[in-house]
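Take a look at the structure below.
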Amino acid sequence: MQIIIKSSKRLMLFLINVLVLTISFTIPKSNKIAIVGGWFGKRFADNSKHFYLYLNANLNDLGFDKVIWITRSKEIRDELMKQGYQVYSAWSIFSIWYHLRAKYHLIDQAPTDINSFFSVRSKRINLWHGFPLKKIGTYMNQKQFRPESKLLRLANKLTTRGFWTDHHILTTSDFSAEILGKAFGVDERKVIISGYPRNYEPICDKPIKYIPQHEKSSYEEIKEYIEDGYKIIGYFPTFRDKRETLIFGTESIEEINRFLDYCESVKIKFVGKFHFAGKNDKFGDFENHKAFINLPTEADVYTFLDQLDILMTDYSSIYFDFLLWNRPILFFPYDLEYYRDEDRGLIFDYEEFTPGPKAYSIEELQTFFSQNIDVINEKFEAEYRQKAELLKKKIFGDYNNMGIEHLINQIRNIGLEEEK
């Protein structure tokens, strides 16, 4: 029965693809139009958001007439429209029209970021959302990527919504391309090497700063604390697959409150946000502590990186991006052996790929933050800067020369190569 259902779905997708393909031949594609979406159509965040903003700001210089955001959220649609951006709901008639007109379709999570049924005959590009420390894709089951035969590859393409098995993926260096290529079984010919748009801010002379309505109050609150002399620590732990994440490594609310009381006394504020996938993570009552600023669930943490004095994490890939800010990183892998050996696991040796001091308990955290922030900066520069620079170069390549112009050129070059 399952085989019949699966076969029926594939047949239905094939028929839909043929129908859309037939219609699309009557509507000329334009290489001056791009559509962009992100995070299943429910967020305006991450690489897709920043690509959209930078392309919008440089349309004429980059040879585009339109860049259009596709969403499944009425709130996102209404807010972007008020700001003068071109945005459409995924199933609106204008969305479908521009899907068929746009040569470039860009996502950063999954084909459902946009209306992928109408992606046939487009250049499909996944901007993705980060270089991994923890295992993803084939690293999780140690399967080796074996190239498919041309016939099987064609069959999969024709029976996948909008032909999305055949797409390009953005990586940030030769090393990153090798890792992500293996993780997702992407052919090297389908890899784009350029900078992540969400990382343009620390390398641009005139970065674009767009703060959505639901993030403004948090951003302004943190700004006021900075002006009042507080130091801001961004704490972004990753989720565990098999058990809850313990914030600050303990279930004891009393311990957490004592620690936060101390931080408040020395003018330190923590900014935190649970990973959306952490269904069982524990905040407890301390989330209302005045030393802890809990960002909105749907907030884009990249909005707030410029406000941080120090970033603190365990296994989240956000620290790779924070390397570009040239500020200290504190690693807090309180359950390293468990996470490495029994949970998700790591692709790389933890010590080798984490250029910064380590703490393993809330007591060690308090010892660390008993130091003056200026002293922490000095120690980081002396002990970890060289290692951080080497890792930054390894992950991001020639990042200073890989802004939006570079990315657009890479995308256009691939399109030209495929048409030869």
Side-chain angles (χ1 to χ4, degrees), residues 45-55 57 108 127-134 169-177 179-180 192-211 219 222 226 231-236 238 271 273 299-331 347-348 352-357 373 376-408 410:
D46 219 289
N47 278 322
S48 286
K49 165 190 170 181
H50 293 89
F51 177 88
Y52 178 76
L53 293 174
Y54 279 86
L55 183 53
D108 66 10
L127 300 173
W128 195 232
H129 50 268
F131 181 83
L133 174 69
K134 57 181 178 277
I169 189 167
L170 174 63
T171 63
T172 54
S173 67
D174 291 335
F175 178 73
S176 174
I179 298 300
L180 287 174
I192 300 170
I193 297 178
S194 190
Y196 280 151
R198 69 187 185 192
N199 290 335
Y200 292 163
E201 185 176 357
I203 67 171
C204 282
D205 294 330
K206 296 180 180 179
I208 296 172
K209 194 75 175 180
Y210 177 89
I211 305 176
Y219 192 86
I222 296 168
I226 293 172
K231 299 300 181 182
I232 309 299
I233 314 301
Y235 178 31
F236 304 110
T238 197
V271 175
K273 174 180 176 290
D300 181 358
V301 297
Y302 286 82
T303 299
F304 304 90
L305 292 192
D306 68 312
Q307 297 183 313
L308 305 183
D309 292 285
I310 298 172
L311 183 134
M312 177 175 144
T313 188
D314 42 24
Y315 319 109
S316 172
S317 64
I318 191 173
Y319 81 86
F320 289 121
D321 298 313
F322 198 69
L323 290 169
L324 296 170
W325 289 91
N326 297 319
R327 299 174 189 173
I329 301 169
L330 170 64
F331 294 94
I347 297 175
F348 307 107
E352 180 184 355
F353 273 74
T354 50
I373 297 295
I376 292 174
N377 279 321
E378 290 172 3
K379 287 185 176 180
F380 188 86
E381 291 299 316
E383 298 176 23
Y384 299 102
R385 173 53 58 201
Q386 184 177 8
K387 185 176 180 180
E389 290 298 319
L390 290 173
L391 183 60
K392 183 164 50 172
K393 183 69 175 177
K394 191 180 190 76
I395 304 301
F396 297 110
D398 187 18
Y399 55 88
N400 279 316
N401 294 310
M402 294 201 297
I404 186 66
E405 298 87 355
H406 184 273
L407 177 53
I408 292 298
Q410 297 301 99

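No hydrogens, no waters, no symmetry mates; every other heavy atom, side chains included, goes into these values. On a predicted model such as this, the values are computed, not experimentally measured, just so you know.
The heavy-atom pair separating His129 from Asp46 by the smallest distance is CB-OD1, 3.6 Å. Taking each heavy atom of Pro357 and Leu330 in turn, the nearest pair found is O-CD1, 3.5 Å. The minimum heavy-atom distance linking Cys204 with Pro207 is given by the pair O-CD, 3.6 Å. Across Pro132 and Ile347, no two heavy atoms sit closer than the pair CG-CD1, 3.8 Å.
Around NZ of Lys379, the count of heavy atoms belonging to other residues, nucleotides or ligands within 6.0 Å does not exceed 12.
Listed by chain and residue number, Arg385 satisfy the salt bridge (Lys or Arg N to Asp or Glu O under 4.0 Å) test with Glu381 (two or more places apart in sequence, or in another chain). Lys392 pairs by the salt bridge (Lys or Arg N to Asp or Glu O under 4.0 Å) definition with Glu389, not counting sequence neighbours. The salt bridge (Lys or Arg N to Asp or Glu O under 4.0 Å) check on Asp314 picks up Arg240, with sequence neighbours excluded. Checked against side-chain hydrogen bond (donor to acceptor under 3.5 Å, both in side chains), Asp321 has the following partners two or more places apart in sequence or in another chain: Arg198, Asn199, Tyr302. Not a single ring-ring contact (aromatic ring centres under 6.0 Å, His included) links Tyr399 to another residue, sequence neighbours left out. Residues meeting the side-chain hydrogen bond (donor to acceptor under 3.5 Å, both in side chains) test with Asp398, sequence neighbours left out: Asn401.
Asp309 contributes no side-chain N or O that, together with a main-chain N or O of Ile233, makes up a donor-acceptor pair within less than 3.5 Å. For the pair Ser173 (side chain) and Ile395 (backbone), a donor-acceptor distance under 3.5 Å is present.
Residues Trp325 and Asp306 meet the side-chain proximity criterion, which asks for heavy atoms closer than 4.5 Å. With contacts defined as side-chain heavy-atom distances shorter than 4.5 Å, the pair Ser194/Leu170 qualifies. Contact of the Ser317 side chain with the Thr238 side chain is not registered, since no non-hydrogen atoms from C-beta on lie closer than 4.5 Å. Here the side chains of Leu407 and Tyr200 are in contact, with some heavy-atom distance below 4.5 Å. The shortest side-chain heavy-atom distance between Phe322 and Pro328 does not fall under the 4.5 Å cut-off. Thr354 is not listed as a side-chain neighbour of Ile329, based on a closest heavy-atom distance of 4.5 Å or more.
A distance of 11.0 Å separates CG in Asn326 from CG in Asn377, rounded to the nearest 0.5 Å. With values rounded to the nearest 0.5 angstrom, Phe236 atom CZ is found 9.0 Å from Thr313 atom OG1. The distance from the CG atom of Leu305 to the CD atom of Glu201 is 7.5 Å, given to the nearest 0.5 Å. For the atom pair OH (Tyr219) and OG1 (Thr303), the distance works out to 8.5 Å, reported to the nearest 0.5 Å. The structure places CD1 of Ile179 at 4.0 Å from CZ of Phe348, a figure rounded to the nearest 0.5 Å. Separation of atoms CZ (Phe380) and CD1 (Ile310) is listed at 9.5 Å; rounding is to 0.5 Å.
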Worksheet item: What's the verdict on side chain to side chain contact (heavy atoms under 4.5 Å, CB included) for Ile211 and Phe304, showing C-alpha distance, side-chain angles and the deciding distance?
Response: CA-CA 9 Å; Ile211 305 176; Phe304 304 90; 6.0 Å; no
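Phe175 carries Lys394 over the face of its six-membered ring, with the cationic atom under 6.0 Å from the centre and within 45° of the normal.
When only modelled atom types and interatomic distance are considered, Tyr196 and Asp108 share no side-chain donor-acceptor pair under 3.5 Å.
Remark: aromatic rings of Phe353 and Tyr319 are distant, center separation not under 6.0 Å.
When Tyr315, Phe396, Phe131 are each tested for a ring-ring contact (aromatic ring centres under 6.0 Å, His included) with Phe320, only one passes: Phe131.
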